[in-house]
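Okay, so here's the structure we're looking at.
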Amino acid sequence: MHATLCAVRDHPHVNPFDFRGRLQRAGAALLVAGADALLISHLPNLRYLSGLEATAGSGLLTGDGRLFLLVDPRYEAAAAARAEEVGPDLVHPVATADVSASTWLASRCASDGIGRVALESRVLTLHAARLIEQALAAVGWSGALIDQPLDIVEHARRVKDAVELALLREGGARLSEAARGILADGVARVGRTELEVAADIDARVRAVGFSRAAFDTIVASGPRSAFPHARPTDRRLEAGEVVVLDFGGVYGGYCVDLTRTVCLGLPSAEVDRQYHAVRLAQQAGIAAVRPGTTPADVDRAARQVLEAAGLGETFGHGTGHGLGLEVHEAPRLARPRPEDAAQPPLEAGVVCTIEPGAYVTGRAGIRIEDDVVVTAYGHEQITDVPLGWPTAH
Ligand code: ZN
Ligand code: ZN
């Protein structure tokens, strides 16, 4: 096994990531984008920059690549440990038990002459933004609060470094191992409830070494399979029906995600045709993944196959999403929305899912999902699970 993976697994306190480089690149990008500081409210961004794993807290990143970690008493010791490891000149723990984050931020902006503060407006609540505005007004600050320019941290997180790729490859291999067992052992079988199947899947995901599920496992049977994100229920699986199984795990902090659709018996000709169209769409999507291709191009490649099969209307979601510290992160491989800025082309190191589906309301839904890494010349699939109709049980 890769030495880094051993270090992560056996010594959870050892953090192999290049936090200094991440902080300095993010600080430089901030200055280029015309901001003096960025208030980080999105916890995965805070973790990416500092290694701090917390359920609450924020950070102020300054243009010189320093990060002030604003944490409540629960995370003071952890923040201090991060400063010790990353470098006390780069990471500064600030206890928000003594002073509120917004008051501290205001006094810092005033004392350091910080004029333009970017906010992560997609995650910062309106309430928190108003507290910050009030605190800044109270110290007579004359700067400007601006929308986070160019999603600096999310943009940096798109391209994984060698350590992150090693973790994602290992995660892909382990999730595939779990999936092969789930299919071979007939975990989804007639008479079991969706909830029982989901519990079995979750246990198997943990058994292959994941710290937790990456999201709530989806088990959607019969007509419920036509709901792309159905929650498992106490519905019992019946002979002849289709079941969508979508599950993922977190390995070393990084998320992998996989879907297979099984049929409990012989599929009807219509469902068989639907399955093969999705399978071909997924192959077309995977084949389109290479540096220089845009996320929208990949979506189009998969979507066109379903449209040609007359199933375009049944494919309502995007073809895939980025994987990393979050199970859904940039890039978004989907039809562009008018409100979205154009996404940059794929580049080596991006990791994403390819998961087209076809959902015929009241009948059956099919989805097939695998994970791929964009490489220098094309792509590498990091999940490996048989793709034909899994054996019926
Ligand atoms: Zn999934
Ligand atoms: Zn997914």
Side-chain angles (χ1 to χ4, degrees), residues 44 154 157-158 160 168-169 171-180 182-183 187-188 194 197-198 200-202 204-206 208 210 212-221 224-232 242-251 254-262 275 278-279 281-286 288-289 295 298-299 301-303 306 315-335 343 346 350-359 365-374 379 381-387 390:
E154 283 83 353
R157 284 173 47 200
R158 282 168 66 246
K160 274 65 186 176
L168 283 157
R169 284 192 179 99
R174 285 170 187 253
L175 193 63
S176 302
E177 181 190 339
R180 289 190 294 265
I182 287 162
L183 298 179
V187 164
E194 292 174 344
V197 174
D200 197 344
I201 289 174
D202 290 347
R204 287 164 180 259
V205 165
R206 281 184 184 268
V208 295
F210 289 100
R212 60 183 169 88
F215 53 91
D216 288 344
T217 295
I218 294 170
V219 177
S221 62
R224 299 192 74 259
S225 62
F227 301 120
H229 267 196
R231 291 285 164 105
V242 152
V243 191
V244 174
L245 308 170
D246 187 351
F247 48 94
V250 181
Y251 186 78
Y254 283 78
C255 301
V256 285
D257 182 6
L258 189 131
T259 306
R260 285 294 181 270
T261 303
V262 301
Y275 184 90
V278 172
R279 186 175 157 175
Q282 199 220 16
Q283 287 168 348
I286 292 173
V289 174
V298 176
D299 178 75
R303 196 169 297 281
L306 288 166
F315 178 30
H317 57 74
T319 292
H321 52 84
L323 291 169
L325 290 172
E326 290 178 277
V327 72
H328 289 119
E329 60 178 57
R332 178 177 168 270
L333 296 97
R335 285 179 288 198
Q343 294 188 86
L346 298 179
V350 169
V351 181
C352 61
T353 68
I354 300 293
E355 51 176 309
Y359 310 89
I366 307 279
R367 179 167 66 257
I368 304 171
E369 174 178 30
D370 283 285
D371 303 344
V372 294
V373 176
V374 184
H379 61 265
Q381 190 171 321
I382 59 169
T383 45
D384 177 21
V385 184
L387 250 188

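Every value quoted in this text rests on a predicted model; they were computed, and no experiment measured them. In each ligand, atom 1 is the first atom listed, and ligand 1 is the first ligand listed. Numbers for residues simply follow the sequence, beginning at 1.
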| remark: Residues passing the ring-ring contact (aromatic ring centres under 6.0 Å, His included) test with F315, sequence neighbours excluded, are H317
| query | Thinking salt bridges, do R260 and D370 make one under a 4.0 Å N-O criterion? | reply | yes
| Can E194 and R231 be counted as an ion pair, charged N to O under 4.0 angstrom? | no
| message | Under a 3.5 Å threshold, yes or no: a donor from one side chain and an acceptor from the other, between D246 and H229? | response | no
| Residue and atom names of protein N/O/S atoms that fall under 2.8 Å from the Zn ion (ligand 2) | D257 OD2, H321 NE2, E355 OE2, E369 OE2
| message | I'd like to know if D202 and R206 make a salt bridge, using a cut-off of under 4.0 Å between side-chain N and carboxylate O. | response | no
| request: Indicate yes or no: at least one non-hydrogen side-chain atom of L175 is less than 4.5 angstrom from one of Y251. | output: no
